[in-house]
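All remarks here apply to the structure that follows.
What you see is a predicted model, and the numbers here were worked out from it, not measured in a lab.
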Amino acid sequence: MTDDMEDLNQTYPGAGNFTFGDNPKLCADLLALVRAGEKTATCERLSEFDGDPDARPKVGRCDIAMNWDGTPALVIRTTRVDEVAFKDVTEEMALAEGENDDLAGWRRDHEAYFTRNGGFDENMMLLFEHFELVEDLADR
């Protein structure tokens, strides 16, 4: 463990680590949206947490978003968690992700993401997390 990670684990006890997206460019783009204040939510297939329920976001907990290379990028704090079927995601939820201008674009892009990562079903349950930026680690 690096000194930076030890320090972060002391500053944010219980924080988990995760990476936005499924490739280096998407990860960098999503981190930039969080930094710009445009991305305040994210989602993942609910079943991704079946093997490790402790990895589920928890309201009030801080987690560390990593750069694609595994170095820490941002600290976020979960403010709300919803379980929702893909088909029931609202435009308000989709726009909070900051990636699209409307619900149709969000559906198109997320259907492609889920198809690349294990399959898509409009009835699949998502874990939808709202968060706030606590610390940008770029200057640390």
Rounded to the nearest 0.5 Å, what separates atom [atom1] in [X] from atom [atom2] in [Y]?
X: Arg80; Y: Thr40; atom1: CZ; atom2: OG1; result: 9.5 Å
X: Glu135; Y: Leu8; atom1: CD; atom2: CG; result: 6.5 Å
X: Thr90; Y: Leu95; atom1: OG1; atom2: CG; result: 8.5 Å
X: Met93; Y: Trp106; atom1: CE; atom2: CH2; result: 7.5 Å
X: Glu83; Y: Leu126; atom1: CD; atom2: CG; result: 10.0 Å
X: Glu97; Y: Leu33; atom1: CD; atom2: CG; result: 10.0 Å

hydrophobic_cluster_shared for [Y] and [X], side chain cutoff 4.5 Å:
X: Leu46; Y: Phe120; answer: no
X: Val134; Y: Leu30; answer: no
X: Val75; Y: Met66; answer: yes

Provide the closest heavy-atom pair for [X] versus [Y] in the form atom of the first, atom of the second, distance.
X: Gly60; Y: Arg77; answer: O-CG, 3.7 Å
X: Leu31; Y: Ala65; answer: CD2-CB, 4.0 Å
X: Glu91; Y: Asp101; answer: OE2-O, 4.4 Å

Can you list everything that forms a side chain to side chain donor-acceptor pair (under 3.5 Å) with Asn23? Sequence neighbours excluded, please.
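Residues passing side chain to side chain donor-acceptor pair (under 3.5 Å) with Asn23: none at all.
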Could you tell me whether the side chain of [Y] reaches within less than 4.5 Å of the side chain of [X], counting heavy atoms only?
X: Leu74; Y: Asp136; value: yes
X: Leu137; Y: Ile64; value: yes
X: Ser47; Y: Met124; value: no
X: Val59; Y: Val81; value: yes
X: Arg108; Y: Asn100; value: yes
X: Leu127; Y: Pro57; value: yes
X: Thr42; Y: Phe131; value: yes

Please check: side-chain N/O of [X] versus main-chain N/O of [Y], any donor-acceptor pairing under 3.5 Å?
X: Asp102; Y: Gly105; value: yes
X: Lys39; Y: Ala41; value: yes
X: Thr19; Y: Trp68; value: no
X: Arg45; Y: Gly119; value: yes
X: Asn9; Y: Met5; value: yes
X: Asn67; Y: Asp69; value: no
X: Thr115; Y: Glu111; value: yes

Can a donor-acceptor pair be found between the side chains of Thr78 and Glu129 at a distance below 3.5 Å?
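Yes, side-chain donor-acceptor contact under 3.5 Å.
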Donor-acceptor pair between Tyr113 and Glu44 side chains, under 3.5 angstrom
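A donor-acceptor contact under 3.5 Å links the two side chains.
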Tell me whether Asp52 at atom CG has more than 12 heavy atoms from other residues, nucleotides or ligands lying less than 6.0 Å away.
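Atom CG in Asp52 is packed in, count exceeds 12.
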For Glu99 and Glu38, run side chain to side chain contact (heavy atoms under 4.5 Å, CB included): C-alpha distance rounded to whole Å, both residues' side-chain angles, the deciding distance at 0.1 Å, then the answer.
CA-CA 8 Å; Glu99 302 164 46; Glu38 296 174 28; over 6 Å; no
Over 60° means perpendicular and under 30° means parallel, so classify the ring planes of Phe86 and Phe114, tilted if in between.
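Plane angle over 60°, so perpendicular.
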Pairs involving residues 20-55, ordered by first then second residue, that meet ring pair (Phe, Tyr, Trp, His ring centres under 6.0 Å) (sequence neighbours left out):
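Sorted result for residues 20-55: Phe18-Phe20.
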Using a strict threshold of under 4.0 Å (side-chain N to carboxylate O), is an ion pair present between Asp63 and Arg61?
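Salt bridge: yes.
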